[in-house]
Peer 1: 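Okay, handing you the structure first.
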Amino acid sequence: MGAYWFQGYVENDSGPCFSECTVKEEKFVRDRTGKAPYTLMVVDGFHVSPGHVMMDMKEPLAISPSVTETGNHYIKRGCTLLLTQHLVTSLRHYRSQYDQFLNRCESLPLDYMVIPVVPVKILRPEMVRFFARKGSPFLCVEVQSVEDLTEVCWEWVAQAQAYKRMPLTMFVKDTENTSNNYVELWSSLCEQYGIIKLTDVQDDEMLSLKNLKDSGIYPHKGGIIPGGHADYNLYRLSEDRTFEEADDFRYHDSVPNVTVMNGQVKQVNQKVIDEKPGSHIQVKIHKHFV
């Protein structure tokens with residue numbers, strides 16, 4: 001779409017407000033640069049929100065019969081960065097498993113990151129260092145029972161985090177003992193051993209702003225800010241909806257009328273018009289903006 005700018009009600013860190021945004025090629029920019037003209041894009045009657053950063057919880061990519069179709073489903077929901085869960089099952093072959101999973105992701109029509117999900121029983125410090133080196137924003141520790149948490153040398157895991165400060169979070173698969181307060185146990189464990197963790201336990205497909213910052217995804221993705229990728233959604237405001245109600249869009253199942261990723265239109269009125277494969281995004285600095 002080249003270079004353009006727009007004015008309208010834009011959702012940012014402090015909430016929705018009337019703002020002016022400038023886009024050049026793939027990024028939001030602070031000032032006009034170069035001699036090329038900037039086109040005004042009219043967004044009257046629309047609410048503008050950042051592109052969604054989502055985990056593939058509802059439609060896991062690993063078991064999807066069609067990677068492209070799954071990607072299109074997320075695009076239609078306003079996703080511009082998909083965090084794909086990669087289940088680690090082998091101590092000896094986790095490196096080659098990672099390479100194979102990356103090959104599967106290549107045809108995704110939107111940008112993606114790989115989130116390793118490691119059963120706590122096979123969690124090792126070398127895995128933490130490996131996935132941090134590969135640019136994963138965080139690592140999920142999969143827990144089946146409270147007893148699992150006592151079988152790990154957490155001091156070594158915490159030491160391995162010193163390499164790149166990649167945070168950990170916890171996935172609970174214990175469906176029988178629902179009375180156990182795993183969130184409190186995890187928080188206490190992290191405090192005891194000095195483990196770097198996501199602020200919020202990632203148990204939802206949408207990432208909170210705190211987790212986006214913890215993981216190093218923000219401000220490159222997940223916000224409308226100069227220097228960030230030009231990812232955003234346009235929601236048409238109905239006549240009976242006030243602007244004050246518009247900020248609910250991002251947190252519910254409303255679907256956008258237009259989705260833009262890296263400055264290019266990806267879908268219009270729930271029709272994907274660009275299935276060009278996205279890029280594997282890697283975090284360079286974790287917790288850099290915290």
Side-chain angles (χ1 to χ4, degrees), residues 55-57 59-65 67 70 82-108 112-177 180 182-183 185-198 201-203 205 207 211 214-217 280-287:
M55 285 194 69
D56 62 340
M57 291 182 170
E59 294 184 74
L61 188 74
I63 59 174
S64 169
V67 170
T70 297
L82 185 63
L83 307 186
T84 58
Q85 300 173 82
H86 166 49
L87 180 61
V88 177
T89 60
S90 172
L91 276 171
R92 293 184 177 181
H93 306 290
Y94 65 89
R95 294 177 178 85
S96 60
Q97 281 186 324
Y98 173 81
D99 291 336
Q100 292 167 10
F101 185 74
L102 274 185
N103 290 336
R104 178 171 177 77
C105 294
E106 285 182 348
S107 59
L108 265 175
Y112 61 92
M113 288 181 167
V114 177
I115 306 298
V117 180
V118 184
V120 69
K121 291 184 177 180
I122 66 170
L123 180 65
R124 298 292 186 273
E126 55 266 31
M127 288 183 179
V128 175
R129 286 190 288 266
F130 173 80
F131 288 111
R133 189 165 61 250
K134 293 298 183 180
S136 293
F138 55 89
L139 181 148
C140 296
V141 180
E142 186 179 85
V143 178
Q144 299 282 351
S145 68
V146 172
E147 290 71 29
D148 286 349
L149 296 173
T150 64
E151 299 177 3
V152 179
C153 293
W154 292 108
E155 299 95 333
W156 294 357
V157 172
Q159 288 178 2
Q161 284 184 292
Y163 173 59
K164 281 204 169 185
R165 294 176 57 81
M166 179 182 69
L168 307 184
T169 191
M170 180 179 60
F171 276 0
V172 178
K173 296 296 182 180
D174 185 358
T175 57
E176 296 180 359
N177 302 308
N180 291 325
Y182 280 96
V183 174
L185 288 170
W186 177 246
S187 180
S188 175
L189 186 73
C190 291
E191 183 176 354
Q192 179 181 353
Y193 292 101
I195 296 169
I196 300 169
K197 67 180 183 69
L198 293 181
V201 172
Q202 189 57 46
D203 55 3
E205 63 176 354
L207 268 72
N211 282 358
D214 287 344
S215 59
I217 296 173
H280 176 208
I281 307 296
Q282 296 169 283
V283 172
K284 295 181 179 179
I285 304 177
H286 298 87
K287 298 181 78 71

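The basis for the numbers below is simple: all heavy atoms, side chains too, and nothing from hydrogens, waters or symmetry mates.
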Peer 1: Can you see whether Ser64 engages Glu59 through a side-chain donor-acceptor pair at a distance of less than 3.5 angstrom?
Peer 2: no

Peer 1: Which residue, Lys134, His280, Gln85, forms the side-chain contact (heavy atoms from CB on, under 4.5 Å) with Val114?
Peer 2: His280

Peer 1: Roughly how far, to the nearest 0.5 Å, is the CD1 atom of Ile196 from the CG atom of Leu139?
Peer 2: 12.5 Å

Peer 1: Could you grab the distance from atom CZ of Phe171 to atom CD of Gln144, nearest 0.5 Å is fine?
Peer 2: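 Interatomic distance, Phe171 CZ to Gln144 CD, rounded to 0.5 Å: 13.0 Å.
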
Peer 1: First locate atom CD of Gln192, then atom CD of Glu155, and finally report the distance between them rounded to the nearest 0.5 Å.
Peer 2: 8.0 Å

Peer 1: Arg104 side chain to Leu61 main-chain N or O, any donor-acceptor pair under 3.5 Å?
Peer 2: yes

Peer 1: Please test Leu123 against Glu142 for side chain to side chain contact (heavy atoms under 4.5 Å, CB included), starting from the C-alpha separation and ending with a verdict.
Peer 2: CA-CA 9 Å; Leu123 180 65; Glu142 186 179 85; over 6 Å; no

Peer 1: Considering only heavy atoms from C-beta outward, does the side chain of Val67 approach that of Cys105 to under 4.5 Å?
Peer 2: no

Peer 1: Please report the shortest heavy-atom distance between Leu87 and Gln97, naming the atom on each side.
Peer 2: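 Nearest pair, atom of Leu87 first, then Gln97: O-OE1, 4.5 Å.
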
Peer 1: Could you tell me whether the side chain of Leu108 reaches within less than 4.5 Å of the side chain of Thr84, counting heavy atoms only?
Peer 2: yes

Peer 1: Test Tyr112 against Leu102 for side chain to side chain contact (heavy atoms under 4.5 Å, CB included), laying out the working first.
Peer 2: CA-CA 10 Å; Tyr112 61 92; Leu102 274 185; 4.3 Å; yes

Peer 1: Angle class for the Phe101/His86 ring planes (parallel below 30°, perpendicular above 60°, tilted otherwise)?
Peer 2: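 It falls in the parallel class, under 30°.
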
Peer 1: Measure the shortest side-chain to side-chain distance between Ser215 and Val283 over non-hydrogen atoms and say whether it is less than 4.5 angstrom.
Peer 2: no

Peer 1: Contact between Leu83 and Phe138 at the side-chain level, heavy atoms closer than 4.5 Å - yes or no?
Peer 2: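 Touching, per the 4.5 Å side-chain cut-off.
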
Peer 1: Do His286 side-chain atoms and Arg165 backbone N/O form a donor-acceptor pair below 3.5 Å?
Peer 2: no

Peer 1: About how many Å separate CG of Leu185 and CE of Met170, when rounded to the nearest 0.5 Å?
Peer 2: 7.0 Å

Peer 1: Checking Tyr182 side chain against Val146 main chain: does a donor-acceptor pair fall under 3.5 Å?
Peer 2: yes

Peer 1: CD1 of Ile122 to OG1 of Thr89: how many Å apart, nearest 0.5 Å?
Peer 2: 6.5 Å

Peer 1: Would you check if the side chain of Thr150 reaches a backbone N or O of Glu147 as a donor-acceptor pair within less than 3.5 Å?
Peer 2: yes

Peer 1: Can you list the steps and then say if Val201 with Val172 is a side chain to side chain contact (heavy atoms under 4.5 Å, CB included)?
Peer 2: CA-CA 10 Å; Val201 172; Val172 178; over 6 Å; no

Peer 1: Applying side chain to side chain contact (heavy atoms under 4.5 Å, CB included), run through Trp154 and Ile195 and close with a yes or a no.
Peer 2: CA-CA 8 Å; Trp154 292 108; Ile195 296 169; 3.5 Å; yes

Peer 1: Considering only heavy atoms from C-beta outward, does the side chain of Val152 approach that of Val141 to under 4.5 Å?
Peer 2: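 A side-chain contact is absent here, since even the closest heavy-atom pair is not under 4.5 Å.
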
Peer 1: Could you check if a side-chain atom of Met166 sits within less than 4.5 angstrom of a side-chain atom of Ser136, using non-hydrogen atoms only?
Peer 2: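 Yes, side chains in contact.
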
Peer 1: Mind checking whether Met55 and Leu207 have side chains closer than 4.5 Å, heavy atoms only?
Peer 2: yes

Peer 1: What closest approach, in Å, do Lys197 and Pro167 show between heavy atoms, and which atom pair accounts for it?
Peer 2: C-CB, 3.8 Å

Peer 1: Give a yes or no on this: more than 12 heavy atoms of other residues, nucleotides or ligands lie within 6.0 Å of atom CD of Glu191.
Peer 2: no

Peer 1: What distance do Asn103 atom CG and Tyr98 atom OH have between them, rounded to the nearest 0.5 Å?
Peer 2: 10.5 Å

